[in-house]
Asker: 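Here it is: the structure, laid out below.
When a residue number appears, it is its place in the shown sequence, counting from 1.
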Amino acid sequence: MTEPIIHNLFPTPVYATTIKRPFTKQELQFVKNQKNHCSKNQGNINTKDNYILNRKEFKNIKKILDEHCQNYLNTVICPKNKIKLCITQSWLNYTETNQYHHKHAHPNSVISGVLYFDSDKENDRIMFSHPIVYKQILPDIDKYNVWNSDTWWFTVETGMLLMFPSSTTHQVQIKKGNNTRISLAFNTFYEGTIGINDQLTELIL
């Protein structure tokens, strides 16, 4: 019997990398200080400033993230028109031991990202959920794989960057370990012209 080929149609791209330098003392001090200027979220806290990448302390971090946004655009989306993927809102999340980050997605955004300032690779991870919430037929699974799993998680560590379609549902389960998990989350949108003029799909942004 010939070994069958199983094709992965319409996969969800999760872009994973690490920034190529350590965070500076100034950046880490800024992140530490911002914990005093937060609002309560469902399960953890995040900064009241939700355009945090516009702050001068994050000037160089934003430059790095802008480069990765363009790389994601060129590698995954591959647009015909000359457009940019620009960061819109951005904020810091702080998750302590026994806290969590509720299941959610990011409306009004194309691609979302998370950069980890403090993360314990032994305990910290992010979980993504299958877009089909309710399944009519549910056989018991003996061995999980990319085709039969309802959730998928990634271990995360300090300096790691993840980017994914903003409609992708994700969450942080109850945090273990003694560190404060600190992440910078951001949303993006297109800048430029998308669509085709004579097909009446043109949108100038």
Asker: Under 4.5 Å between side-chain heavy atoms, hopping through other hydrophobics if needed: is there a path connecting Leu92 to Leu161?
Answerer: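 Both belong to a single hydrophobic cluster.
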Asker: Without swapping roles, check the side chain of Ser90 against the backbone of Ala185 for a donor-acceptor pair under 3.5 Å.
Answerer: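 No, Ser90 side chain to Ala185 backbone: no donor-acceptor pair under 3.5 Å.
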Asker: Hydrophobic clusters here meaning ILVMFWY residues chained together by side-chain heavy-atom distances under 4.5 Å, can you tell me if Phe58 and Leu85 are in one?
Answerer: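 Phe58 clusters together with Leu85.
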Asker: Let me have the donor-acceptor pairs involving side chains of residues 8-20, under 3.5 Å, with sequence neighbours excluded, atom names and distances please.
Answerer:
from  : atom 1 : to     : atom 2 : distance (Å)
Asn8  : OD1    : Trp147 : NE1    : 2.7
Tyr15 : OH     : His68  : ND1    : 2.7
Tyr15 : OH     : Asn71  : ND2    : 2.9

Asker: Donor-acceptor pairs are to be reported for all side-chain atoms of residues 107-117 against protein atoms at under 3.5 Å, with residues two or more places apart or in another chain.
Answerer:
from   : atom 1 : to     : atom 2 : distance (Å)
Ser109 : OG     : Ile111 : O      : 3.3
Ser109 : OG     : Ser166 : OG     : 2.8
Ser109 : OG     : Thr188 : N      : 3.1
Ser109 : OG     : Thr188 : O      : 3.2
Ser112 : OG     : His106 : ND1    : 3.4
Ser112 : OG     : Ser166 : OG     : 2.8
Ser112 : OG     : Asn187 : OD1    : 2.7

Asker: Distance-only, no hydrogens or angles: does the Thr158 side chain make a donor-acceptor pair with backbone N or O of Ser119 under 3.5 Å?
Answerer: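 Yes.
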Asker: For His101 and Asn93, work out which heavy atoms get closest and say how close.
Answerer: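 Smallest interatomic distance, heavy atoms only, reads CE1-OD1, 3.5 Å.
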Asker: I'd like to know whether Tyr72 forms a side-chain contact (heavy atoms from CB on, under 4.5 Å) with Met163, so could you lay out the CA-CA distance, the side-chain angles of the two residues, the decisive distance to 0.1 Å, and finally the verdict.
Answerer: CA-CA 8 Å; Tyr72 187 105; Met163 296 174 63; 4.0 Å; yes
Asker: Treating Asn148 as the side-chain partner and Lys143 as the backbone partner, does any N or O pair qualify as donor plus acceptor under 3.5 Å?
Answerer: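 Here the side-chain-to-backbone pair exists.
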Asker: Can a donor-acceptor pair be found, under 3.5 Å and without considering hydrogens, that links the side chain of Thr151 to the backbone of Phe128?
Answerer: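 Between the backbone of Phe128 and the side chain of Thr151 there is no qualifying donor-acceptor contact (under 3.5 Å).
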Asker: Using 0.5 Å steps for rounding, measure from the NZ atom of Lys176 to the CD atom of Glu122.
Answerer: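 Reported value, rounded in 0.5 Å steps: 12.5 Å.
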Asker: Is there a path of hydrophobic side-chain contacts, each under 4.5 Å between heavy atoms of I/L/V/M/F/W/Y residues, joining Phe164 to Met160?
Answerer: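 Yes, Met160 connects to Phe164 through the hydrophobic network.
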Asker: Do Gln34 and Ile52 pass the side-chain contact (heavy atoms from CB on, under 4.5 Å) test, and can you show the C-alpha distance, the side-chain angles, and the key distance before you say yes or no?
Answerer: CA-CA 10 Å; Gln34 286 304 302; Ile52 201 81; 3.8 Å; yes
Asker: Rounded to the nearest 0.5 Å, how far does CG of Leu65 lie from CG of Leu184?
Answerer: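 Atom-to-atom, Leu184:CG and Leu65:CG are 6.5 Å apart.
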Asker: Give me the one residue out of Ile87, Asn74, Ile64 that meets side-chain contact (heavy atoms from CB on, under 4.5 Å) with Cys69.
Answerer: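 Among the candidates, only Ile87 passes.
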Asker: How would you list, by chain and number, every residue that makes a salt bridge (charged side-chain N to carboxylate O under 4.0 Å, His left out) with Glu27, sequence neighbours excluded?
Answerer: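 Expected list: Arg21.
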Asker: Please give me the minimum heavy-atom distance between Ile196 and Thr201, naming the atom from each residue.
Answerer: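 Answer, listing the atom of Ile196 first, then Thr201: N-OG1, 2.8 Å.
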Asker: Which pairs with one or both residues in residues 186-205 pass ring pair (Phe, Tyr, Trp, His ring centres under 6.0 Å), sequence neighbours excluded?
Answerer: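 Sorted result for residues 186-205: empty, none.
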Asker: Using 0.5 Å steps for rounding, measure from the CZ atom of Phe30 to the NZ atom of Lys56.
Answerer: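 Rounded to the nearest 0.5 Å, the CZ-NZ separation comes to 8.0 Å.
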Asker: Just wondering, do Gln99 and Ile45 contact through their side chains at under 4.5 Å, heavy atoms?
Answerer: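 Ile45 vs Gln99: side chains apart.
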Asker: Output a table of donor-acceptor pairs, distance under 3.5 Å, between side-chain atoms of residues 129-138 and any protein atom two or more places apart or on a different chain; print 'none' if there are none.
Answerer:
from   : atom 1 : to     : atom 2 : distance (Å)
His130 : ND1    : Ile132 : N      : 3.0
Lys135 : NZ     : Asp150 : OD1    : 2.6

Asker: Could you tell me if Asn33 and Gln29 have a donor-acceptor pair between their side chains, going purely by distance under 3.5 Å?
Answerer: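 Indeed, the side chains of Gln29 and Asn33 share at least one donor-acceptor pair under 3.5 Å.
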Asker: Write down the atom of Lys48, the atom of Cys38, and the distance for their closest heavy-atom approach.
Answerer: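 Closest approach of Lys48 to Cys38, heavy atoms only: CE-O, 3.3 Å.
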Asker: CG of Asn178: more than 12 outside heavy atoms within 6.0 angstrom?
Answerer: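 No.
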Asker: Does Leu53 share a hydrophobic cluster with Tyr94, counting links as ILVMFWY side-chain heavy atoms below 4.5 Å and allowing steps through other members?
Answerer: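 Yes, it is one cluster - the side chains of Leu53 and Tyr94 are joined through contacts under 4.5 Å.
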Asker: Determine the minimum heavy-atom distance between Asp120 and Asn179, stating which atoms define it.
Answerer: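 Where Asp120 meets Asn179 most closely, the heavy atoms are CB-OD1, 3.5 Å.
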Asker: Set out, in order, the CA-CA distance, both residues' side-chain angles and the distance that settles side-chain contact (heavy atoms from CB on, under 4.5 Å) for Gln70 and Leu73, then state yes or no.
Answerer: CA-CA 5 Å; Gln70 197 61 35; Leu73 183 73; 3.5 Å; yes
Asker: Check for me, please, whether Leu28 and Ile182 land in the same ILVMFWY cluster - side-chain distances under 4.5 Å, paths through other members count.
Answerer: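 Same cluster.
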Asker: If the test is side chain to side chain donor-acceptor pair (under 3.5 Å), which one of Asn54, Asn50, Asp49 qualifies with Gln89?
Answerer: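 Between Gln89 and the candidates, side chain to side chain donor-acceptor pair (under 3.5 Å) is satisfied uniquely by Asn50.
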Asker: Out of Thr95, Asp124, Asn123, which one pairs with Lys175 under the side chain to side chain donor-acceptor pair (under 3.5 Å) rule?
Answerer: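 It is Asp124; the other options fail the test.
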Asker: If you draw a 6.0 Å radius around CG in Asp142, do more than 12 non-hydrogen atoms from other residues or ligands fall strictly inside?
Answerer: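 For Asp142, atom CG is not crowded (no more than 12 foreign heavy atoms under 6.0 Å).
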Asker: Measuring from atom CD of Glu57 to atom NZ of Lys59, what distance do you get when rounded to the nearest 0.5 angstrom?
Answerer: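 Answer rounded to 0.5 Å: 12.0 Å.
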Asker: Rounded to the nearest 0.5 Å, what separates atom CD in Gln42 from atom NE2 in His102?
Answerer: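 Gln42 CD to His102 NE2: 4.5 Å, rounded to 0.5 Å.
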Asker: Evaluate the criterion side-chain contact (heavy atoms from CB on, under 4.5 Å) for residue pair Lys103 and Thr169; output intermediate values, then yes/no.
Answerer: CA-CA 6 Å; Lys103 184 185 292 188; Thr169 305; 3.0 Å; yes
Asker: With Lys35, which residues qualify under salt bridge (charged side-chain N to carboxylate O under 4.0 Å, His left out), at least two apart?
Answerer: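 With sequence neighbours excluded, Lys35 shows a salt bridge (charged side-chain N to carboxylate O under 4.0 Å, His left out) to Glu96, given in chain and number order.
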Asker: Pair Asn44, Lys40 - check side-chain hydrogen bond (donor to acceptor under 3.5 Å, both in side chains), show working.
Answerer: CA-CA 6 Å; Asn44 61 358; Lys40 188 176 181 180; over 6 Å; no
Asker: State the CG-CD1 distance between Leu203 and Ile194, to the nearest 0.5 angstrom.
Answerer: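 Taking CG in Leu203 and CD1 in Ile194, the distance rounds to 4.5 Å.
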Asker: Judged by atom type as modelled, is there a donor-acceptor pair below 3.5 Å linking the side chain of His170 to the main-chain atoms of Thr168?
Answerer: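 Flag set: sc His170 to bb Thr168 pair under 3.5 Å.
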